[in-house]
Amino acid sequence: QIVMDGSLNNELRLSGAIYLKNTVNKYWKQRTNKESKDILYCIPEAAKAIIRQNIIEGIIQTPLKINKQLCVCLDTIVRQDFPDKWTDIVPKCHAYLSSDNQETWLGTLMSLHQLSKKYKFKKSDERGPYITAMKDLLPLMYNRMIVVLPNQSE
């Protein structure tokens, strides 16, 4: 909430994003103590669901310094949860790319880049969910690039 609150100054929001990134990187995956075999702290599933539900919007709505931190979070989440625990990422990205609001496209493409990184070095037989997603998203991305290329504005 702090990260996405536009009324707060960007330094505070960036601090919140860095804290979130560090927390997600350390506590997203369930781990066990090697010696005692005890389960160590892990972010509760309810909190994970809230983060998954809002992270793409956060990447879209925040300034570049902040959304870069959120992209690192997204990378960790995608590597752990896609496609088994998080099936909503592809339809959500599709909805934002389908929108005529060009301001959502960059953040959506940054989010999809995190998804692509998961499958970058996978064998072709392990890329099934990614290939399925791209069959739906690539034609849409192509159409968006056709719209953006003639536009000379930033």
Side-chain angles (χ1 to χ4, degrees), residues 1-4 10 13-34 37-149:
Q1 290 175 349
I2 290 173
V3 173
M4 293 176 57
N10 283 343
R13 294 170 68 195
L14 180 59
S15 295
I18 292 169
Y19 181 79
L20 177 65
K21 174 195 72 171
N22 292 339
T23 302
V24 165
N25 285 342
K26 188 170 182 179
Y27 300 114
W28 195 268
K29 184 178 179 181
Q30 187 170 350
R31 302 169 296 132
T32 56
N33 185 316
K34 292 178 183 174
K37 305 294 185 206
D38 292 335
I39 295 175
L40 302 174
Y41 175 78
C42 178
I43 298 171
E45 195 57 44
K48 288 181 179 181
I50 292 169
I51 293 169
R52 284 190 295 255
Q53 185 177 21
N54 293 295
I55 193 154
I56 293 175
E57 288 82 0
I59 292 169
I60 289 169
Q61 295 173 8
T62 56
L64 192 59
K65 282 184 178 180
I66 297 170
N67 73 18
K68 283 184 178 182
Q69 301 299 320
L70 296 178
C71 281
V72 175
C73 293
L74 183 61
D75 180 57
T76 300
I77 295 167
V78 163
R79 289 181 191 278
Q80 297 299 319
D81 291 358
F82 181 80
D84 301 325
K85 295 180 183 176
W86 193 20
T87 58
D88 293 348
I89 186 171
V90 175
K92 189 176 273 198
C93 289
H94 189 280
Y96 282 118
L97 284 176
S98 297
S99 164
D100 289 332
N101 182 0
Q102 292 184 12
E103 293 178 9
T104 65
W105 296 353
L106 177 60
T108 305
L109 292 172
M110 291 173 75
S111 300
L112 288 172
H113 180 245
Q114 303 312 309
L115 180 65
S116 296
K117 286 170 35 178
K118 176 180 179 173
Y119 293 96
K120 186 175 183 177
F121 297 111
K122 298 274 186 188
K123 296 177 184 174
S124 57
D125 60 333
E126 297 174 335
R127 293 182 180 172
Y130 179 70
I131 291 169
T132 302
M134 289 300 116
K135 282 181 182 177
D136 188 32
L137 292 168
L138 283 174
L140 185 56
M141 284 191 264
Y142 174 76
N143 290 334
R144 292 308 179 203
M145 294 307 117
I146 289 174
V147 169
V148 172
L149 284 176

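For the pair L137 and C93, the tightest heavy-atom approach, listed with the atom from each and the gap, is CD2-C, 4.4 Å. For P139 against D136, the heavy-atom pair with the smallest separation is CD-O, 3.8 Å. Heavy atoms only, all atoms of each residue included: C73 and V24 are closest at O-CG1, 3.9 Å. Of all heavy-atom pairs between V3 and A17, the closest is CG2-N, 3.4 Å.
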> side-chain contact (heavy atoms from CB on, under 4.5 Å) between W28 and I51: does it pass, once the steps are laid out?
Replying inline: CA-CA 11 Å; W28 195 268; I51 293 169; 3.8 Å; yes

> What do the steps show when you test C71 against H113 for side-chain contact (heavy atoms from CB on, under 4.5 Å), and what is the final call?
Replying inline: CA-CA 9 Å; C71 281; H113 180 245; over 6 Å; no

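Looking at W86 and I55, their side chains come closer than 4.5 Å, going by heavy atoms from C-beta outward. Here the side chains of L74 and I89 are in contact, with some heavy-atom distance below 4.5 Å. Looking only at side-chain heavy atoms (C-beta outward), R79 and Q114 stay at 4.5 Å or farther from each other. Between Q102 and V147, some side-chain heavy-atom pair lies under the 4.5 Å cut-off. For the pair K92 and S111, the minimum side-chain heavy-atom distance is 4.5 Å or more. Annotation: side chain of L109 is in contact with side chain of L97 (closest heavy-atom distance under 4.5 Å). At least one side-chain heavy atom of P129 sits less than 4.5 Å from a side-chain heavy atom of F82. In this structure the side chain of P63 reaches within 4.5 angstrom of the side chain of R13, judged on heavy atoms.
Between the side chain of N54 and the backbone N or O of I50 there is at least one donor-acceptor pair closer than 3.5 Å. Side chain of T108 to backbone of Y96: no donor-acceptor contact under 3.5 angstrom is found. Side-chain atoms of W105 come within 3.5 Å of backbone N or O of S99 as a donor-acceptor pair. Of the possible polar contacts, one joining the T62 side chain to the G58 backbone as a donor-acceptor pair under 3.5 Å is found. For the pair R127 (side chain) and Y119 (backbone), a donor-acceptor distance under 3.5 Å is present.
Atom NZ of K65 has 12 or fewer heavy atoms from other residues, nucleotides or ligands within 6.0 Å. The local environment of CG in L138 is crowded, with over 12 non-hydrogen atoms from other residues, nucleotides or ligands closer than 6.0 Å. Annotation for Q1: atom CD does not count as buried by contact number, only 12 or fewer foreign heavy atoms lying within 6.0 Å. Around the CZ atom of F121, the shell of radius 6.0 Å holds no more than 12 heavy atoms that belong to other residues, nucleotides or ligands.
Here the CD-CG distance, from E103 to L106, works out to 10.5 Å after rounding to the nearest 0.5 Å.
Only one option out of N67, I60, L70 pairs with M110 in a side chain to side chain contact (heavy atoms under 4.5 Å, CB included); it is N67.
The pair R52-D81 meets the salt-bridge criterion, since a charged nitrogen lies less than 4.0 angstrom from a carboxylate oxygen. Remark: E126 does not engage K118 in a salt bridge, criterion side-chain N to carboxylate O under 4.0 Å.
Among pairs with a residue in residues 15-25, none fulfils salt bridge (charged side-chain N to carboxylate O under 4.0 Å, His left out), at least two apart in sequence or across chains.
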